[in-house]
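Keep in mind the model is a prediction, meaning the values are calculated, not measured.
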Amino acid sequence: MRKFIEVFALMITVVLCIGGYKEACAVENTSIAITKENFPNKRLRKIIVEDCDRNKDYVLSREEIQKAEKISIGLDEEMEDYDLKGLSILSELKKVEIEAFEVENVRELEKLPHLQYLRIMTLDSCPVTTDKNPELEKLDLNVSIKRLDLSKNKKLKSLKLENSEVKKLSICNLPKLKYVRLANNMTKSVVIKNCPKLRTLRGNGNKKITKLDLRPLKKLCNFEWKYGILRRIQFGKKKYLRLVNVKHNKLKKLDIRKMRRLSRKHVYVNGNPNIKILK
């Protein structure tokens, strides 16, 4: 009987060891080596080692991947371009900042389901899309894109778009959007509606837009649109508006009669020859 118990105990030990080995292998299989094969761009590999590889063993463990929530990719002294291939391995990323002369494989960003903050600044034209990033809250793009679809970004709170080639821009049905800045774009028309929390709208150097309809923006507090070619603005009734800055446009008339909280001293119209203010 005693011998039987010893044999049985030995069998249990073997089973537990095998199970532990399999579990260790399972964890091992989720690890990703920081190699040229997985991350072709040399500079990107260096950044991942610095920001995400906590023990500097050039291997991303499962735990390290889960804890990697932000990454900043910037210009270095060699002014290298970036290939983002492999970035989607860091599947828990919430914040990504990119500053580069040229960016390849930008579609890797679409595979980051938890992304909340995205900032890209590049001289290159790259096909940035955000419809696969439903958690996005802040979007800052300074890039020569031709199309921007925000219809899936219902959690978006802040939007900055600069130096784009987007011809028609739709900023609609975004229930949490509070801040919009549009600067130096080639946009010919912009539609902004069904954004009930939008408080601030800024636009400088937009040389294609001649008119704006702000009537749907009931909670607008601050409006700034300088160095453009605006000829007409439709404000409607704006009981929250407190600042209007439309310096250096082509406006002939500015009707602010329905704005109870707007003081004349907070209306800036310099650079609009012969403008008439209705107050």
Side-chain angles (χ1 to χ4, degrees), residues 130-131 136-141 147-162 164-279:
T130 60
D131 56 313
L136 200 63
E137 296 182 0
K138 186 173 182 179
L139 179 62
D140 185 350
L141 298 179
R147 181 177 175 273
L148 183 62
D149 182 0
L150 301 170
S151 61
K152 305 294 184 181
N153 305 119
K154 301 301 182 183
K155 295 186 179 181
L156 194 66
K157 296 179 180 179
S158 174
L159 169 65
K160 295 181 184 178
L161 181 64
E162 300 183 45
S164 79
E165 296 181 23
V166 178
K167 301 300 183 192
K168 295 182 179 182
L169 181 60
S170 176
I171 305 174
C172 301
N173 306 314
L174 299 173
K176 297 189 177 183
L177 187 66
K178 294 182 178 180
Y179 179 90
V180 172
R181 179 185 174 187
L182 309 171
N184 305 312
N185 297 295
M186 299 301 290
T187 306
K188 292 183 178 181
S189 67
V190 56
V191 176
I192 311 176
K193 62 182 182 180
N194 294 331
C195 300
K197 291 189 177 181
L198 187 61
R199 300 290 190 271
T200 300
L201 174 60
R202 290 194 167 100
N204 295 330
N206 297 293
K207 300 295 187 180
K208 300 288 185 179
I209 298 175
T210 60
K211 60 182 179 179
L212 284 174
D213 185 356
L214 305 180
R215 289 175 296 178
L217 306 179
K218 305 298 184 182
K219 298 290 183 71
L220 191 65
C221 296
N222 304 295
F223 174 66
E224 178 184 283
W225 200 280
K226 302 184 294 184
Y227 304 103
I229 59 169
L230 281 180
R231 297 179 182 274
R232 184 186 182 194
I233 306 173
Q234 292 174 278
F235 282 107
K237 188 176 181 179
K238 290 279 179 292
K239 66 178 181 179
Y240 296 102
L241 197 62
R242 297 187 177 187
L243 171 69
V244 173
N245 189 340
V246 289
K247 290 182 178 180
H248 301 286
N249 278 278
K250 297 183 180 297
L251 293 165
K252 298 297 182 183
K253 180 177 71 172
L254 191 66
D255 188 349
I256 57 174
R257 288 176 292 184
K258 297 180 181 180
M259 303 172 201
R260 295 182 299 179
R261 298 188 183 183
L262 182 63
S263 169
R264 178 65 180 83
K265 65 181 180 180
H266 293 141
V267 178
Y268 303 92
V269 296
N270 300 9
N272 291 272
N274 304 315
I275 187 172
K276 182 178 181 181
I277 299 177
L278 304 177
K279 176 62 175 175

Asker: For Ala183 and Asn206, work out which heavy atoms get closest and say how close.
Answerer: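 For Ala183 and Asn206, the tightest heavy-atom pair comes out as C-OD1, 3.8 Å.
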Asker: Name all pairs fulfilling the side-chain hydrogen bond (donor to acceptor under 3.5 Å, both in side chains) condition that reach into residues 212-222, sequence neighbours left out, sorted by first residue then second.
Answerer: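 Found Thr200-Asn222, Asp213-Arg215.
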Asker: Provide the full list of salt bridge (charged side-chain N to carboxylate O under 4.0 Å, His left out) pairs with a residue in residues 179-201, sequence neighbours left out, each pair given once.
Answerer: Glu162-Arg181
Asker: With a 3.5 Å cut-off and sequence neighbours excluded, list the donor-acceptor pairs that the side chains of residues 231-244 form with protein atoms.
Answerer:
unit_1 : atom_1 : unit_2 : atom_2 : d
Lys238 : NZ     : Leu214 : O      : 2.7
Lys238 : NZ     : Leu217 : O      : 3.3
Lys238 : NZ     : Phe235 : O      : 2.6

Asker: Take atom NZ in Lys167; do more than 12 heavy atoms of anything else shown fall under 6.0 Å from it?
Answerer: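 Result for NZ/Lys167: enclosed.
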Asker: Do Leu148 and Leu141 come within less than 4.5 Å of each other through their side chains, counting heavy atoms only?
Answerer: yes
Asker: Which pair of heavy atoms, one from Leu161 and one from Asn185, lies closest together, and at what distance?
Answerer: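 Scanning both residues completely, I find the closest heavy atoms to be O-ND2, 3.0 Å.
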Asker: Determine all donor-acceptor pairs shorter than 3.5 Å in which one atom belongs to a side chain in residues 271-279; sequence neighbours excluded.
Answerer:
unit_1 : atom_1 : unit_2 : atom_2 : d
Asn272 : OD1    : Asn249 : N      : 3.2
Asn272 : OD1    : Lys250 : N      : 3.3
Asn272 : OD1    : Leu251 : N      : 3.1
Asn272 : ND2    : Val246 : O      : 2.8
Asn272 : ND2    : Val269 : O      : 3.0
Lys279 : NZ     : Leu262 : O      : 2.7

Asker: Which residues pass the side chain to side chain contact (heavy atoms under 4.5 Å, CB included) test with Asn194, not counting sequence neighbours?
Answerer: Asn173
Asker: Give a yes or no on whether Lys211 atom NZ has more than 12 heavy-atom contacts from other residues, nucleotides or ligands under 6.0 Å away.
Answerer: no
Asker: Are the side chains of Leu159 and Ile171 in contact, using a 4.5 Å heavy-atom criterion?
Answerer: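 Sidechains of Leu159 and Ile171: in contact.
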Asker: Show every salt bridge (charged side-chain N to carboxylate O under 4.0 Å, His left out) that has at least one partner inside residues 257-270, sequence neighbours left out.
Answerer: Asp255-Arg257
